Each structure stands twice: as C-alpha cells, then as structure tokens.
Number of protein chains: 2
Amino acid sequence: MPTERPRRRIPEATVARLPVYLRILSEQAEEEVESISSDRLAELAGVNAAKVRKDLSYLGSYGTRGVGYEVAYLVYQIRRELGLTHDWPVVIVGAGNLGQALAGYGGFGERGFPVAGIVDVDPGKVGTVLGGVRVRHIDELSQIVQSKRVNIGVVATPTAAAQDAAERLVRAGVTSILNFAPVVLSVPRSIEVRKVDLAVELQILSYHEQRRATTSTLRSVAGGIGGGPGTNGQVGQVGQVGQGGQGGQGGQVGLGGTAATSRPASA
Amino acid sequence: MPTERPRRRIPEATVARLPVYLRILSEQAEEEVESISSDRLAELAGVNAAKVRKDLSYLGSYGTRGVGYEVAYLVYQIRRELGLTHDWPVVIVGAGNLGQALAGYGGFGERGFPVAGIVDVDPGKVGTVLGGVRVRHIDELSQIVQSKRVNIGVVATPTAAAQDAAERLVRAGVTSILNFAPVVLSVPRSIEVRKVDLAVELQILSYHEQRRATTSTLRSVAGGIGGGPGTNGQVGQVGQVGQGGQGGQGGQVGLGGTAATSRPASA
DNA sequence: CCAGCTTTGTGAACGTGTGCACGAGTGCCT
DNA sequence: AGGCACTCGTGCACACGTTCACAAAGCTGG
Ligand SMILES: NC(=O)c1ccc[n+]([C@@H]2O[C@H](COP(=O)([O-])OP(=O)(O)OC[C@H]3O[C@@H](n4cnc5c(N)ncnc54)[C@H](O)[C@@H]3O)[C@@H](O)[C@H]2O)c1
Ligand SMILES: NC(=O)c1ccc[n+]([C@@H]2O[C@H](COP(=O)([O-])OP(=O)(O)OC[C@H]3O[C@@H](n4cnc5c(N)ncnc54)[C@H](O)[C@@H]3O)[C@@H](O)[C@H]2O)c1
C-alpha cells in the first residue's frame with residue numbers, strides 16, 4: 001500500500017467536494033459495498049462523473065480501470081488528504097441559540113470535531129452544561145485552546161461581538177475560524193476564515209424566486225408579482241441534472257457563495 | 001429615478017456577494033453615510049474594488065464618476081434585484097436543536113424572512129412555542145404553505161428524514177429549499193436547493209490546517225504532525241488582503257463549497 | 001472655461017473550474 | 001489466447017470569474 005505524498009496542490013473546488021464523497025463512501029462502506037464506479041459515486045453526489053474522476057485523480061490514489069475504486073482505500077485516502085486521520089477539537093465562542101444547538105449536536109464529534117469547550121461572557125450561561133460540555137467563561141479561552149490543542153474556533157456570538165470573539169480566538173492561538181455572524185472578520189492573513197451566513201443563503205434563494213416570478217410574468221401576463229407557490233409538485237421524478245456548468249467554487253478569499261445548489265439522482 | 005428592468009442576467013458569483021454589499025450599505029445608511037466609493041465598499045466587504053464595480057454594474061444602477069455611489073439608491077437597487085421588496089415567509093421542517101435555534105433567531109424576520117411556521121412529526125414537539133411560533137404537525141404543512149404563500153422551505157430534520165421532508169415541501173408547493181442535513185436531496189430540477197453543511201466547512205478547515213502542518217514540517221523539521229496551535233497571535237495588525245485570486249464561486253449545480261474565506265481590513 | 005484630481009465602467013488578459021471525448025488498462029467470457 | 005465490455009485517467013475546449021489598467025466622466029478651484 002503506497003503512502004505517496006500529496007503530489008499536486010488540490011484545487012479548492014475539489015477540496016470542497018471531497019467531504020461529500022467521503023460521506024457517501026463511508027455510507028457505502030457500511031453497506032459492505034467494496035467497489036464503486038465514478039458513475040455511481042457521481043450519481044450519489046449529484047455531480048458529473050468526469051468531475052469525480054478528476055477530483056479523485058488529485059489524490060494520487062488510483063482506481064482500477066474496468067472496475068472502479070476500492071471504497072475502503074478511497075475513504076482512507078480522502079481522510080488522509082483532508083487531515084482527518086486524527087481529531088480536531090473545536091472551541092465554540094457564544095453559548096446562545098446557535099452555540100447551544102451546535103454543542104447539542106452529536107454529528108461533529110462523530111466526524112472528528114469534538115467540542116473541546118464552549119465559552120461565553122454571560123455569567124448566567126457559565127456553568128450550564130450543553131451536550132456534555134460545561135460552559136466556561138471567555139477568560140478561560142486561552143487556557144482551553146492551549147491545553148486541548150485546539151486549532152479551530154467557532155464564532156457564535158451576536159454580530160456586535162463577533163470581531164472581538166475572533167480576536168480573542170486568534171490571540172489564544174486558533175488558526176482557523178468558522179464564523180456564523182453576518183460580518184466580515186478582520187484577522188491576520190495567516191488565519192483561515194470561513195463564513196456561514198444563513199441570511200445570505202435565503203437572499204440568494206429569494207433572488208431566484210423573484211427571477212422566477214419575473215420571468216413567468218413576461219410569459220404569462222396574468223401572474224401576480226407576489227408569486228404564489230408554484231405547486232408543480234412532481235416529486236417522484238427525480239431530475240438527474242445535466243450539471244449546468246459554472247465557474248469554480250472554493251473557499252476563495254474575496255467573498256463567494258456559501259451553499260451549493262444540487263439536484264442529483266437518488267439511488 | 002429610472003426604474004430600468006434588470007438588463008443582463010446576473011452571474012451567480014455576483015448574486016452571492018450582493019447580500020453582503022446590501023448588509024454593509026444598510027449599516028452605512030444608518031450611520032447617515034450618503035455616498036460611498038467602490039474602494040471603501042470593497043474594503044468593508046473584503047473584496048477587490050474592481051469586483052465591486054463590476055458587480056454593481058450588473059444592476060444597471062449607476063454610480064457617479066469622481067464621486068461614488070449613492071448609498072440609499074444602491075440599497076434600493078440591490079433589494080429590488082434580490083427580490084427583497086417584499087417578505088418571503090419560510091417554513092421550517094424539524095423542530096429539534098437546529099430548528100429551535102433558527103426559530104428563536106430574530107435575524108431572519110428582520111431581514112425579510114419571517115417564520116411562517118414550524119412543523120415536526122414528534123407529537124411531543126407539536127404545540128410547543130418557539131420564537132413566538134407554535135410548532136404544528138407535519139400533516140399541516142401543505143395548509144401552512146398554501147395559506148401563508150410560502151415559497152421557501154428549510155429542512156432541519158435528522159439526515160434520515162431529510163429526503164422525506166424535502167418531498168413533502170415540494171408536494172406542498174415550496175419551490176426553494178435550504179437544506180441543513182448532510183445529504184444530497186433529490187428533487188425536481190425546477191426546485192432550487194441550497195445546502196449548508198457545517199461538517200463540510202469544518203473538513204475544509206481541517207484540510208488547510210493539515211496542509212499547514214505538513215508544509216511547516218517540511219521547513220522546520222522539528223514540528224510534530226499533530227500540529228499544536230501556532231500561537232502567532234498578531235491580532236492588532238489587520239491584513240488587508242491582496243485578494244488571493246481564485247476561481248469563481250456561485251450556487252452552481254454540481255456541488256461546490258459552502259463558506260467563503262475572507263480577510264478584509266476593518267474601518 | 002480649463003486644469004487637475006477623483007472615481008466609475010469596462011475591455012482584455014489571466015486563472016480556475018467544468019465536461020466531453022477518447023486512449024489506455026483491466027477483467028471476463030468463450 | 002483473443003475478443004469484448006467496462007471504467008479510469010486526462011488532454012482539450014470552453015465557460016465563468018477575477019483582476020488589471022485605462023479611457024470616460026464628473027467635480028472643484030481658480
Ligand atoms: N440562531 C440562529 O439560528 C442563527 C442563524 C443565523 C445566524 N446566526 C448568527 O449567529 C450568532 C449567534 O446567534 P444566536 O442566536 O446564538 O445569538 P444569541 O444572542 O442567542 O447568543 C449569543 C451568545 O453570545 C454571548 N456573547 C455575547 N458577547 C460575547 C463575547 N464578546 N464573547 C463571548 N460570548 C459572547 C451571549 O452571552 C450569548 O450567550 C449571531 O451572530 C447570529 O446572527 C444565528
Ligand atoms: N444542531 C446542529 O447544530 C446541526 C449542525 C449541523 C447540521 N445539523 C443537521 O441539521 C439537522 C437537524 O439537526 P438537529 O440537531 O436539530 O436534530 P434533532 O434530532 O435535534 O431534531 C430533528 C427534529 O426533526 C424531527 N423530525 C424527524 N423526522 C421528521 C420528519 N420526517 N418530518 C419532520 N420532522 C421530523 C424530530 O422530531 C426532531 O424534532 C440534522 O440533519 C443535522 O445533521 C445540525
């Protein structure tokens with residue numbers, strides 16, 4: 001079993017898809033599927049088969065022509081490439097609505113991101129236990145980060161406090177931040193920041209809804225602008241998509257979208 | 001005041017940035033700033049100034065050369081383009097950890113996405129009140145969607161139930177879905193789906209952390225692989241970024257990343 | 001009214017991402 | 001052993017997105 005070093009630098013767009021492949025492959029492994037073709041994997045992931053092959057080719061791990069990929073080996077390779085060979089403890093700043101939901105969610109620990117700690121400024125929150133972890137005061141942040149060797153921090157404070165939270169995280173030694181507050185954080189360029197902004201997601205959906213309404217108005221002059229539900233409910237027929245092409249994605253610096261539109265075929 | 005129709009189709013990457021500009025411009029408007037340059041807006045949004053100008057040029061709304069853009073007018077134009085001239089009520093499926101956090105979060109209503117309803121299958125959850133909205137049984141979904149004219153649905157059920165939830169939403173008449181479950185939903189191609197997958201975000205961060213560790217190992221042979229915190233905390237000096245370029249983003253069909261990396265200068 | 005400064009709008013070059021098409025292996029069946 | 005069906009790996013063309021650079025346009029002061 002070759003332990004080749006990551007040969008090329010992996011494109012961000014590919015990095016963003018690897019976790020999806022990984023989840024699917026892990027599921028397949030549980031169902032005792034030993035081998036999988038790029039076609040099948042593409043179908044399950046809702047992407048183009050050529051894209052799957054190209055993505056996987058960056059791993060340097062080879063499939064077998066005429067056969068497909070060995071699921072277990074692929075899982076191993078992707079996990080290694082993503083740095084998932086060991087856990088990455090995370091620390092959450094802000095134990096409000098969202099922080100509590102995150103802490104109470106077991107999915108992170110399962111996927112290798114155990115919650116090493118939750119901190120808050122509110123004395124009323126300190127001491128309460130969320131998802132098995134006791135909320136501690138924010139002054140203990142540095143100590144938690146250092147003793148638990150935390151590299152990843154999550155900002156779940158109100159908007160006004162997000163910049164402060166980020167700075168505290170950076171000072172404490174965190175090098176990657178996942179930010180839920182709808183603000184652009186200012187941090188040293190060496191820090192990797194990713195943003196999840198639900199309002200932005202909804203606004204993008206709104207744009208498409210609005211566009212849908214406008215377009216149909218042009219065709220059927222009757223349609224009101226408010227745009228009632230389209231009620232075309234054809235749920236059964238799944239639309240395997242012709243993958244409407246588009247520029248890349250990736251956690252690029254500028255801004256960039258947040259979610260991905262997908263519409264794959266089910267099994 | 002010209003009310004020009006949206007001339008060109010707006011690129012997805014731009015659509016994904018407009019909400020960010022909108023938020024910043026709204027804040028500026030509250031601070032009574034009347035005019036803003038692309039440079040300043042770019043700085044606040046953490047993007048390249050040329051990108052800002054190009055993005056805004058798609059709106060057809062004009063700035064004034066030598067001066068900048070009129071904040072209020074830009075806000076109006078962006079809101080119009082994004083379809084934010086009226087509210088878009090949303091319905092949440094799944095009143096668990098996440099559904100409760102979403103319902104309890106006032107930010108959506110403020111931004112034009114009031115929670116029209118929350119539904120769940122669990123009889124124990126039905127009847128409880130979250131964020132001023134009573135949880136109702138999922139069988140009432142269609143009725144809610146139709147009576148409240150809901151176009152956007154949010155899937156916040158466990159993974160196993162997400163596909164079912166999506167199908168119910170589509171049958172009820174919803175045409176856009178925001179999915180929090182880590183699965184690829186199969187829906188008719190006419191339905192717009194966006195996915196927010198926190199585990200994917202963390203795994204992307206993990207990739208970069210791992211890469212950082214590997215790279216530094218090559219340089220300073222000493223460093224352990226586990227990669228303790230880097231503790232280079234230089235918080236004060238904000239890094240206005242040279243916008244490390246990258247391929248596009250956008251809510252493209254395939255998959256695609258979810259969050260964006262940003263690192264702008266603060267005011 | 002002109003000179004000089006500022007800032008927009010956009011053409012063009014470049015970089016990234018996507019998807020087709022096909023050569024090149026691999027396994028199976030006869 | 002040979003033929004055939006299958007699937008990977010990838011070159012290539014094209015689409016999309018980003019950034020630079022600069023002419024056009026507007027403002028201000030004299
Ligand atoms: N709740 C959601 O569903 C949701 C959805 C989208 C975005 N968000 C964003 O997530 C963030 C958190 O939302 P929420 O609903 O959990 O808010 P919240 O008000 O319920 O919780 C915020 C918590 O942060 C704590 N806090 C305040 N200042 C702090 C500081 N300087 N350091 C550490 N902790 C501090 C508060 O004590 C509070 O417990 C907000 O920025 C919000 O915009 C939340
Ligand atoms: N909680 C988080 O912070 C978090 C983070 C990332 C992803 N997620 C994802 O979000 C989803 C929800 O997470 P959660 O923590 O809220 O889960 P949860 O178990 O707390 O809540 C799920 C809710 O959905 C309800 N439900 C189950 N089947 C349903 C159906 N068919 N129709 C309607 N409702 C149904 C359940 O009764 C429950 O109330 C999961 O897919 C999870 O992977 C959650």
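Computed from a predicted model, the values in this text were never measured in an experiment. Below, chain A is the first sequence line, B the second, and so on; all start at residue 1.
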Can you check whether [X] has a side-chain N or O nearer than 4.0 Å to OP1 or OP2 of [N]?
X: A:R53; N: C:dA24; value: no
X: B:S37; N: C:dT7; value: no
X: B:K54; N: C:dT10; value: no
X: A:Y62; N: C:dA24; value: no

Could you tell me the separation between the [atom1] atom of [X] and the [atom2] atom of [N], rounded to a whole number of Å?
X: B:D55; N: C:dT10; atom1: CG; atom2: C1'; value: 13 Å
X: A:D39; N: C:dG19; atom1: CG; atom2: C1'; value: 13 Å
X: B:N48; N: C:dT8; atom1: CG; atom2: C1'; value: 14 Å
X: A:E12; N: C:dT18; atom1: CD; atom2: P; value: 12 Å
X: B:R17; N: D:dC16; atom1: CZ; atom2: C1'; value: 12 Å
X: A:L41; N: D:dT7; atom1: CG; atom2: P; value: 14 Å
X: B:K51; N: D:dC16; atom1: NZ; atom2: C1'; value: 13 Å
X: A:Y58; N: D:dC8; atom1: OH; atom2: C1'; value: 15 Å

I need the minimum non-hydrogen distance between [X] and [Y], along with the two atoms involved.
X: A:R212; Y: B:T175; result: NH2-O, 3.2 Å
X: B:A45; Y: A:V184; result: O-CG2, 3.9 Å
X: A:I78; Y: A:L18; result: CG2-O, 3.9 Å

Can you give me the N/O atom pairs linking the protein to nucleotides 26-30 of chain C at distances under 3.5 Å, or say none if there are none?
| residue | atom | partner | partner atom | Å |
| --- | --- | --- | --- | --- |
| C:dT26 | O4' | A:R65 | O | 3.0 |

Could you list the protein-to-nucleotides 28-30 of chain D atom pairs, N/O on both sides, closer than 3.5 Å?
none

[Y] versus [X], side-chain donor and acceptor atoms under 3.5 Å:
X: B:S176; Y: B:N151; result: no
X: B:Q77; Y: B:Y73; result: yes
X: B:R53; Y: B:S38; result: yes

Any donor-acceptor N/O pair, A:R23 side chain to B:P182 backbone, under 3.5 Å:
yes
Next item on the list: Without swapping roles, check the side chain of B:E201 against the backbone of A:V196 for a donor-acceptor pair under 3.5 Å.
Entry: no
Winner on side-chain proximity to A:A13, out of C:dG17, D:dG17, C:dC20, is C:dG17
Closest to the side chain of A:Y69, out of C:dG17, D:dT19, D:dC8, is D:dC8
Next on the checklist: Please verify the inter-ring angle class for B:W88 with B:H86; under 30° counts as parallel, over 60° as perpendicular, anything in between as tilted.
Outcome noted: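 Ring orientation, 0 to 90° scale: tilted.
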